[in-house]
Amino acid sequence: MGRAGRPPQDPARRLERAHRILDAATELILKWGYDKTTIDDVAQRAGVAKGTIYLHWKTRDELFTALLRRERVHMVAELREREPECGFTTPGELFGRFALTLLGRPLMRAMLRGDSEVLGKLARRKRESGPQLPLGGPLDAYVEELAAIGAVHGEPRDQVIVISSIVYGFLFLPDVRPEDAKLPDERIAELVATTIDRALGIGEPLPPGGEQVVALATRRLLDGMAEAAQRKLALSLEA
């Protein structure tokens with residue numbers, strides 16, 4: 001029998017407790033913000049001793065890094081659940097749904113925008129490192145594959161920049177518009193989809209079977225995103 005205070009020896013129990021702590025941290029950071037949320041607060045909300053949290057993560061920053069990594073896993077999982085039965089058959093359809101999914105997750109929205117009210121000094125660090133679209137998968141390979149079958153036009157590397165710029169631009173739109181002129185998330189997602197397809201599209205229907213090829217390429221991208229997100233989270237959950 002393990003000593004009191006040590007993580008449960010059963011890996012499943014240890015993992016369940018880690019997620020319970022992350023659940024508590026998520027609730028508190030959304031309520032109070034990162035800078036005002038202490039390890040004591042998280043421990044009390046999770047129903048564990050303060051020292052127990054440090055058995056999982058050495059610092060508060062490591063705990064919240066795990067929290068954000070888990071949010072990315074959840075976002076990708078939600079995005080895959082939103083995939084139509086026939087798959088995403090255009091880049092615009094994919095990234096419009098991506099935008100809607102991200103906007104619906106407060107922590108992901110705060111991370112992308114560097115919201116210091118929610119993320120505190122974590123947001124400041126993010127601004128210093130520069131923005132990164134939380135895709136986590138082989139976006140370059142995805143666009144190159146679509147270009148190879150004629151589903152998008154232009155240089156693939158340029159089109160990756162176009163996609164990122166469009167998504168970022170619309171996701172930051174609520175921050176630059178007056179409160180009474182802000183668009184609902186659904187409309188922002190529609191604009192992302194339309195703009196990307198207009199910017200990348202070839203202006204004519206794909207040859208027979210083309211949409212299925214695009215859907216398969218998109219599933220590979222989503223698989224890559226999920227794998228990368230899970231891999232990073234696993235590193236943060238190692239005891």
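These numbers come from the heavy atoms of this one structure, side chains and all, not from hydrogens, waters or symmetry mates.
A distance of 13.5 Å separates OH in Y34 from CG in L28, rounded to the nearest 0.5 Å. Remark: F95 CZ to I196 CD1 distance equals 6.0 Å, nearest 0.5 Å. Atom CG in L119 sits 6.0 Å away from atom CG in L68 (nearest 0.5 Å). Rounding to the nearest 0.5 Å gives a distance of 10.5 Å between CG of L100 and CG of L171. Atom CD of residue E71 and atom CE of residue M111 lie 8.5 Å apart, to the nearest 0.5 angstrom. Atoms CD1 and CZ, from I21 and R45 in turn, are 13.0 Å apart once rounded to the nearest 0.5 Å.
Between H153 and I202, the shortest heavy-atom distance links the atoms N-CG2, 4.0 Å. Across every non-hydrogen atom of A18 and W57, the tightest pair is O-CH2, 3.7 Å. For the pair V48 and R20, the tightest heavy-atom approach, listed with the atom from each and the gap, is CG1-NH1, 3.6 Å. When every heavy atom of R72 is checked against every heavy atom of A229, the shortest pair comes out as CG-CB, 4.0 Å. Minimum heavy-atom separation, R14 to H56: O-CE1, 3.5 Å. The minimum heavy-atom distance between E144 and P156, with the atom names listed, is CG-CB, 3.6 Å.
Between the side chain of R109 and the backbone N or O of D115 there is no donor-acceptor pair closer than 3.5 Å. Judged by distance alone, the side chain of R69 and the main-chain N or O of K232 form a donor-acceptor pair under 3.5 Å. With hydrogens and angles disregarded, no donor-acceptor distance shorter than 3.5 Å links the side chain of E117 to the backbone of G33. Put simply, the side chain of R70 never gets that close to the backbone of S236: no donor and acceptor are under 3.5 Å apart. Judged by distance alone, the side chain of D35 and the main-chain N or O of G120 form no donor-acceptor pair under 3.5 Å.
I161 pairs by the side chain to side chain contact (heavy atoms under 4.5 Å, CB included) definition with S165, not counting sequence neighbours.
Side-chain contact between T218 and E83 is absent, with no heavy-atom pair separated by less than 4.5 Å. Side-chain contact between Q159 and L146 is absent, with no heavy atoms from C-beta onward closer than 4.5 Å. Using a 4.5 Å cut-off on side-chain heavy atoms (C-beta onward), L206 and T89 make no contact.
No more than 12 heavy atoms of other residues, nucleotides or ligands shown are found within 6.0 angstrom of CZ on R198. A 6.0 Å sphere centred on CZ of R220 holds more than 12 heavy atoms belonging to other residues, nucleotides or ligands. Taking a 6.0 Å sphere around CD of Q44, one finds it holds 12 or fewer heavy atoms contributed by other residues, nucleotides or ligands.
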For this session: Mind running side-chain contact (heavy atoms from CB on, under 4.5 Å) on H19 and E16 for me, showing each step along the way?
Result: CA-CA 5 Å; H19 281 293; E16 181 277 331; 6.0 Å; no
For this session: Any chance you could lay out the side-chain contact (heavy atoms from CB on, under 4.5 Å) test for L191 and L183, step after step, and finish with the verdict?
Result: CA-CA 10 Å; L191 291 171; L183 299 174; 3.7 Å; yes
Exercise. Under the side-chain contact (heavy atoms from CB on, under 4.5 Å) criterion, do D41 and T38 qualify, and how do the steps go?
Worked result: CA-CA 5 Å; D41 295 328; T38 69; 2.9 Å; yes
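Residues I149 and L139 fall within the same hydrophobic cluster, defined by Ile, Leu, Val, Met, Phe, Trp and Tyr side chains chained together at heavy-atom separations under 4.5 Å. Under a hydrophobic clustering in which Ile, Leu, Val, Met, Phe, Trp and Tyr are joined whenever their side-chain heavy atoms come within less than 4.5 Å, directly or via other members, F172 and I188 fall into the same cluster. Under the 4.5 Å side-chain contact rule for hydrophobic residues, L30 and L103 share a cluster. Linking Ile, Leu, Val, Met, Phe, Trp and Tyr whenever their side-chain heavy atoms come within less than 4.5 Å puts W32 and I53 in one cluster.
We find that E93 and R97 are not joined by a salt bridge, their nearest charged nitrogen and carboxylate oxygen being 4.0 Å or further apart. Taking 4.0 Å as the cut-off between side-chain N and carboxylate O, R80 and D223 count as a salt-bridged pair.
When only modelled atom types and interatomic distance are considered, D23 and T26 share no side-chain donor-acceptor pair under 3.5 Å.
With T101 as reference, R82 is the one residue of E78, E81, R82 to meet the side chain to side chain donor-acceptor pair (under 3.5 Å) rule. Remark: of the listed residues L222, L94, V160, L94 is the sole one forming a side chain to side chain contact (heavy atoms under 4.5 Å, CB included) with Y142.
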